[in-house]
Amino acid sequence: MMSIAIVGAGFSGAVIANELAKAGHQVTVFDGRAHVAGNCHTERDAQTDVMVHVYGPHIFHTSNERVWNYVQHFDEFMPFVNRVKAVYNGRVYSLPINLMTINAFFGKTFSPAEAAAFMAEIGDKSITDPQTFEEQAMRFVGKDLYEAFFKGYTQKQWGLHPSELPASILKRLPVRFNYDDNYYASKFQGMPKHGYTYIVERMLDHPNITVHLSTLFERAQAAEYGHVFYSGPVDAWFGYAEGRLGYRTLDFEVERHAGDYQGNPVINYCNQEVPFTRISEHKHFAPWEQHEQTLIYKEHSRLCGEADTPYYPIRLVKDKAQLTQYVELAKAEKNTTFVGRLGTYRYLDMHVTIEEALNVAERFLASVAAGQVMPTFNVDPLG
Ligand code: UDP
């Protein structure tokens, strides 16, 4: 049995720790923060008793049955469907763009077929192979809806004009010609009854796992372990030798009020002149709970500085060139595997993080059994 170090107690680290501990390995987990669960961390607010998504809203959804079944071992998942509203020019609409949005926005009573024909008409057909976010939006929703719902929001979220961003960012959002206002198209969706931190604590609760919080792990310590799984920022591991990879970070203006502030978990503010991107009201993430008080986050996005918490990898051409250099450096590391959002510098939803971590653990156990070397990356960060 091996002595394993895992750097980072978010979903990547916790899933790998749990799987390897169950297989009999001795696992030591390190996290620089004072809590587990990384950016998924949840905790009860002392004043309102509301369960707060401390680093912003996290809604669990997946179409992967293995992942869905896996997470059920650690908490009960309560029914929850994310239905997002969007404010533009003083009016409220439904997101993602669906028949309600189209009819409300254009003052129509279109049927699904009429809406599809109308949207095909207003889309910019001169764009045949959309490359940028702007082209993708102009092609599929046309100028008016693009300018209302995507242009200002995206500029606030990324600090860049949509013509400088890849089409892939918008491809995350569907357009629907029916009244389905579920933000996600996933087969399964829900909220953990006791929050995400509870889940991660349970994953790490095993006699073969030791957790060190508020503890940084130095690269030199790797030599003390049979293998290291590193879920921290890949550029930090190498002391930023090739420069810093670009991230967006978030600031939250926290407010507490009596009663119900906005009547919905998330409302996006799409006008560019509104300084925040969205307001989340956290008690509505737990609709099975009752609270007289409420707590809201006004979410502001900006470029991540050296002392900030990284959230969204920017992954523009410049960042990808740097990432290529880090991938080369990483491949020369012995007995170290880079995992997760920060370790591979990719935008990852929770369910993808968990799926990838399960795959990493499985591959590692198979490599140990076969006397083979575990690769530095189990997925290609540049892919
Ligand atoms: N987006 C937008 N308007 C919205 C919501 C999203 O323009 O009201 C764009 C924005 O660029 C965002 C991307 O779509 O980064 C993906 O949205 P998603 O809701 O998946 O972002 P997340 O919840 O991960 O921040």
Side-chain angles (χ1 to χ4, degrees), residues 3-23 25-46 50-60 62 67 70-78 190-218 221 225 227-234 236-237 247 249-250 252 282 285-286 297 308-311 337-344 348-358 360-361 364:
S3 174
I4 311 278
I6 294 186
V7 186
F11 269 123
S12 292
V15 168
I16 296 169
N18 184 265
E19 291 298 300
L20 301 193
K22 283 190 294 192
H25 294 289
Q26 282 299 327
V27 181
T28 311
V29 179
F30 299 84
D31 200 298
R33 296 182 188 174
H35 61 76
V36 299
N39 282 7
C40 303
H41 175 53
T42 46
E43 66 183 30
R44 281 210 187 272
D45 176 49
V50 168
M51 186 65 91
V52 180
H53 295 211
V54 177
Y55 300 87
H58 283 77
I59 295 131
F60 198 87
T62 181
V67 170
Y70 181 77
V71 295
Q72 311 298 315
H73 294 303
F74 304 99
D75 197 9
E76 183 183 348
F77 273 69
M78 302 297 282
M191 279 289 185
K193 189 170 186 179
H194 302 94
Y196 294 104
T197 295
Y198 175 81
I199 291 188
V200 172
E201 281 166 355
R202 293 203 50 200
M203 287 176 172
L204 295 171
D205 182 15
H206 189 283
N208 289 352
I209 301 178
T210 310
V211 180
H212 297 291
L213 293 178
S214 308
T215 309
L216 294 176
F217 184 89
E218 301 295 332
Q221 289 171 261
Y225 295 89
H227 200 89
V228 178
F229 293 91
Y230 177 76
S231 70
V234 60
W237 183 257
Y247 282 94
T249 191
L250 300 176
F252 302 106
H282 294 224
F285 292 127
Y297 269 21
D308 300 318
T309 305
Y311 282 78
T337 301
F338 293 80
V339 296
R341 176 177 59 98
L342 301 173
T344 62
L348 293 184
D349 281 333
M350 289 182 285
H351 65 282
V352 181
T353 306
I354 291 171
E355 181 183 355
E356 291 192 357
L358 286 170
V360 164
F364 178 74

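If you read the sequence from its start, that first residue is 1, and numbering goes on from there.
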List the steps, then state whether side chain to side chain contact (heavy atoms under 4.5 Å, CB included) holds for Y70 with N18. CA-CA 11 Å; Y70 181 77; N18 184 265; 3.6 Å; yes
N39 vs R33, test: side chain to side chain contact (heavy atoms under 4.5 Å, CB included). Steps then yes/no. CA-CA 10 Å; N39 282 7; R33 296 182 188 174; 2.7 Å; yes
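The structure places CZ of F77 at 9.5 Å from CE of M191, a figure rounded to the nearest 0.5 Å. F11 CZ to I16 CD1: the interatomic distance, rounded to the nearest 0.5 Å, is 13.0 Å. Rounded to the nearest 0.5 angstrom, I4 CD1 and I209 CD1 are separated by 11.5 Å.
In this structure, V228 and W237 approach most closely via the heavy-atom pair CG1-CH2, 4.3 Å. What you find for V54 and Y297 is that their closest heavy atoms are O-OH, 2.9 Å. In this structure, G343 and F338 approach most closely via the heavy-atom pair O-CB, 3.5 Å. Of all heavy-atom pairs spanning G13 and I6, the tightest one is CA-CG2, 3.5 Å. The shortest non-hydrogen separation linking L348 to E356 is CD1-OE1, 3.9 Å. When all heavy atoms of S12 and A357 are compared, the closest pair comes out as O-CB, 3.7 Å.
The shortest side-chain heavy-atom distance between F74 and M203 falls under the 4.5 Å cut-off. By the 4.5 Å heavy-atom criterion applied to side chains, F364 and E19 are not counted as neighbours. For the pair V211/D31, no side-chain contact is recorded, criterion being any heavy-atom separation below 4.5 Å from C-beta on. Counting only heavy atoms from C-beta outward, the side chains of C40 and V200 never approach each other to under 4.5 Å. Using a 4.5 Å heavy-atom cutoff, the side chains of Y247 and D308 are not in contact.
In terms of modelled atom types and a separation under 3.5 Å, the side chain of H206 and the main chain of N208 share a donor-acceptor contact. In this structure, T42 contributes its side chain and T197 its backbone to a donor-acceptor pair below 3.5 Å. Checking side-chain atoms of T249 against main-chain N and O of T309 turns up a donor-acceptor pair under 3.5 Å. With hydrogens and angles ignored, the 3.5 Å screen pairs no side-chain donor or acceptor of D45 with any backbone N or O of V50. At distances below 3.5 Å, not a single donor-acceptor pair connects side-chain atoms of D349 with backbone N or O atoms of H351. Of the possible polar contacts, none joining the D75 side chain to the I199 backbone as a donor-acceptor pair under 3.5 Å is found. A donor-acceptor pair under 3.5 Å is formed between the side chain of T215 and the backbone N or O of L213.
Ring-plane geometry between Y196 and F60 is classed as tilted, the angle between the planes lying from 30 to 60 degrees on a 0 to 90 degree scale. Note on ring orientation: taking the six-membered ring where Trp is involved, the planes of H194 and Y198 are tilted (angle from 30° to 60°). Aromatic ring orientation, H58 versus H53: tilted (interplanar angle from 30° to 60°).
A cation-pi contact, defined as under 6.0 Å to the ring centre and within 45° of the axis, is absent between R341 and Y55.
Side chains of H227 and T337: a donor on one and an acceptor on the other come within 3.5 Å.
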